Peer 1: 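Handing you a structure now.
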Amino acid sequence: MPLTTPQKKYSTRELRDLYYQMAKIRIAEEQIAELLNNREINCPTHLYTGQEAIAVGVCSPLRSTDYVFGNHRSHGHYLAKGGNLKAMMAELFGKETGCSHGRGGSMHIIDKQAGVLGTVPIVAGTIPLAVGTGLSAKLQSQSNVSIAFFGDGAVEEGTFHESMNFASLMKLPTIFVCENNFYSSHLNLLERRAKDNIIESSTLHGMPGHSVDGNNVFDVLDATKAAVRKARRGGGPSFIECRTYRWHGHVGPSWDMDVGVKRKSELEVWRKKDPLLIVKRALLSNGLPETVIGSLNQTAEAEVAAAITFAKTGPLPPKEQLLANVFRL
Ligand SMILES: Cc1ncc(C[n+]2csc(CCOP(=O)(O)OP(=O)(O)O)c2C)c(N)n1
Ligand SMILES: [Mg+2]
């Protein structure tokens with residue numbers, strides 16, 4: 001059931017923080033899009049623009065000791081959980097100063113200190129890892145929770161159901177966050193499954209399910225807080241379906257207007273539901289002047305620009321290290 005939160009319950013300071021985090025992700029992604037267009041970044045990159053409310057709504061109530069696992073589209077998860085922006089940007093440039101020493105690229109980002117234990121492009125690959133850290137927390141009587149972020153495409157993998165079942169059976173503090181942007185690559189949800197009923201997986205596997213407007217950070221926050229409270233109390237896992245839309249094409253900076261029959265008209269509709277606009281309206285109705293919002297954008301732009309400079313000026317991995325960490329028989 002969609003949860004609707006009156007925005008009044010958030011202070012201006014809290015709203016500013018939410019806005020800043022979302023704006024930082026948006027600005028970083030749009031800058032990365034430009035760098036991809038200019039071929040300054042060359043690794044395959046899946047942009048998060050349009051889905052910012054999910055990463056920020058889910059990660060805001062978390063502690064640094066909580067764990068997050070992501071997928072191929074995880075810049076937003078990494079940044080919202082407190083991952084180092086400079087190290088992420090350097091990773092995209094393939095630099096030694098990158099969070100994976102330039103060996104991983106956009107789809108393998110990690111910041112252990114911030115609790116981002118890894119992102120992996122194998123669809124659904126990290127869902128069982130969040131179950132594993134959930135099991136570890138339970139066995140050690142720790143109160144940290146684990147989050148698995150995954151797309152609507154991932155629910156078609158068997159490991160999703162195996163993970164949900166095991167987490168539910170063992171009452172693990174794992175929260176399953178499905179970012180349903182209605183596409184897996186270029187295939188619409190209803191070309192892949194008979195019904196738009198991903199949320200029913202929660203009932204099947206015996207855990208609470210919240211289906212929320214993934215573009216509304218307040219709805220995402222409410223669902224996440226309920227799930228985190230339950231998990232920390234030892235009440236077991238929850239499933240959150242966040243309904244949203246990715247603005248860019250599946251991979252790279254294009255807008256994919258020519259892909260699929262519905263994409264062009266859908267994108268127009270979803271752009272009007274801009275997640276940043278929802279928080280901006282809340283800030284304005286709390287009396288924050290538009291100029292202050294403008295200066296938040298400028299600060300985020302400066303932070304992103306500094307990260308790009310750091311990335312560009314850093315060293316490439318040394319050639320003699322080319323085969324380091326490569327598994328060889
Ligand atoms: C196991 C596996 N199958 C197929 C792929 C190719 N692939 C990469 S991303 C993707 C689509 C994933 O869609 P979704 O989970 O909805 O995430 P979104 O891209 O929409 O964020 C596919 C099929 C893969 N990486 N791994
Ligand atoms: Mg998808």
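In what follows, residues are counted from 1 in the order of the sequence shown. One-based numbering, in listed order, for ligands and for the atoms of each. When reading the values below, keep in mind they use all heavy atoms of this one structure, side chains included, and skip hydrogens, waters and symmetry mates. What you see is a predicted model, and the numbers here were worked out from it, not measured in a lab.
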Peer 1: Hey, what's the ring geometry for F182 with W270, parallel, tilted or perpendicular (30° and 60° as the breaks)?
Peer 2: tilted

Peer 1: For the atom pair NZ (K24) and CD (E301), what is the distance rounded to the nearest 0.5 Å?
Peer 2: 13.5 Å

Peer 1: Show which atoms of ligand 1 fall inside a sub-4.0 Å distance from at least one heavy-atom site of A154.
Peer 2: 15 (O)

Peer 1: State whether the shortest distance between N or O atoms of R73 and N or O atoms of ligand 1 falls below 3.5 angstrom.
Peer 2: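 Yes, at least one N or O pair falls under 3.5 Å.
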
Peer 1: What do you reckon, does Y183 have a nitrogen or oxygen under 3.5 Å from a nitrogen or oxygen of ligand 1?
Peer 2: yes

Peer 1: Any protein heavy-atom neighbour for atom 11 (C) of ligand 1 (distance below 4.0 angstrom)?
Peer 2: yes

Peer 1: Measure the acute angle between the ring planes of H205 and F160, then classify it against the limits of 30° and 60° as parallel, tilted or perpendicular.
Peer 2: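 Perpendicular: the ring planes of H205 and F160 meet at over 60°.
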
Peer 1: So is N181 polar-close to ligand 1, meaning N/O to N/O under 3.5 Å?
Peer 2: yes

Peer 1: With respect to the Mg ion (ligand 2), please indicate if S184 possesses an N, O or S atom at a distance under 2.8 Å.
Peer 2: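 Coordinating: no.
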
Peer 1: Quick check on contacts: which atoms of ligand 1 are under 4.0 angstrom from a heavy atom of P121?
Peer 2: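 Answer for ligand 1: 24 (C), 25 (N), 26 (N).
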
Peer 1: Check for a donor-acceptor pair, side chain of K225 on one end and backbone N or O of P61 on the other, with a separation under 3.5 Å.
Peer 2: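 Side chain of K225 to backbone of P61, a donor-acceptor pair under 3.5 Å: no, none is there.
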
Peer 1: Give me the nearest non-hydrogen protein atom to atom 8 (C) of ligand 1 as residue plus atom name, then the distance to 0.1 Å.
Peer 2: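 Looking only at protein heavy atoms, the one closest to atom 8 (C) of ligand 1 is V123 CG2, 4.0 Å.
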
Peer 1: With atoms numbered from 1 as shown, which atoms in ligand 1 lie under 4.0 angstrom from a non-hydrogen atom of E157?
Peer 2: 1 (C)

Peer 1: Do any heavy atoms of H46 fall under 4.0 Å from ligand 1?
Peer 2: no

Peer 1: Quick one: which of H250, E179, R192, H72 has a heavy atom closest to atom 18 (P) of ligand 1?
Peer 2: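 The nearest heavy atom belongs to H72.
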
Peer 1: Under a plain distance cut-off of 3.5 Å, with no hydrogens placed, do E200 and T203 share a side-chain donor-acceptor pair?
Peer 2: no

Peer 1: Quick check: I122 and ligand 1, any N/O pair under 3.5 Å apart?
Peer 2: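 So ligand 1 has no N or O lying under 3.5 Å from an N or O of I122.
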
Peer 1: Any nitrogen or oxygen of S184 lying under 3.5 Å from a nitrogen or oxygen in ligand 1? Just yes or no.
Peer 2: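 Min N/O separation from ligand 1 is below 3.5 Å for S184.
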
Peer 1: Let me confirm one number: the NE2-OG1 distance from H248 to T49, rounded to the nearest 0.5 Å.
Peer 2: 4.0 Å

Peer 1: Hey, does N71 have a side-chain heavy atom less than 4.5 Å from the side chain of V123?
Peer 2: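 Of all side-chain heavy-atom pairs linking N71 with V123, none is under 4.5 Å.
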
Peer 1: Please state whether the separation between the Mg ion (ligand 2) and some N/O/S atom of N180 is under 2.8 Å?
Peer 2: no

Peer 1: Hey, are Y48 and E179 close enough side-chain-wise for a donor-acceptor pair under 3.5 Å?
Peer 2: yes

Peer 1: Among S185, G153, C178, which one puts a heavy atom closest to atom 15 (O) of ligand 1?
Peer 2: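 Nearest option to atom 15 (O) of ligand 1, by heavy atoms: G153.
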
Peer 1: Rounded to the nearest 10°, what angle sits at the Mg ion (ligand 2) between OD1 of N181 and O of Y183?
Peer 2: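 Computed angle, vertex at the Mg ion (ligand 2), rounded to 10 degrees: 90°.
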
Peer 1: When you compare the side chains of H250 and D256, does any donor N or O come within less than 3.5 Å of an acceptor on the partner?
Peer 2: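 No, because no side-chain N or O of H250 sits under 3.5 Å from a partner of the opposite role on D256.
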
Peer 1: Is a side-chain donor or acceptor of R192 paired with a backbone partner of L187 at a separation under 3.5 angstrom?
Peer 2: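 It does hold such a pair.
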
Peer 1: Do any N or O atoms from the side chain of N180 and from the backbone of D152 form a donor-acceptor pair under 3.5 angstrom?
Peer 2: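 No.
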
Peer 1: From the N, O or S atoms in D152, identify the one nearest to the Mg ion (ligand 2).
Peer 2: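 This turns out to be OD1.
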
Peer 1: At a 4.0 Å threshold, what atoms of ligand 1 neighbour a non-hydrogen atom of G151?
Peer 2: 14 (P), 15 (O), 16 (O), 17 (O)

Peer 1: Between F218 and Y10, how do the two ring planes meet: parallel, tilted or perpendicular, split at 30° and 60°?
Peer 2: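 Tilted, since the angle between the ring planes falls between 30° and 60°.
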
Peer 1: Does the residue Q51 have a heavy-atom contact with ligand 1, meaning some pair of atoms that are separated by less than 4.0 Å?
Peer 2: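 No, that is not the case, since the closest heavy atom of the residue is not under 4.0 Å from the ligand.
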
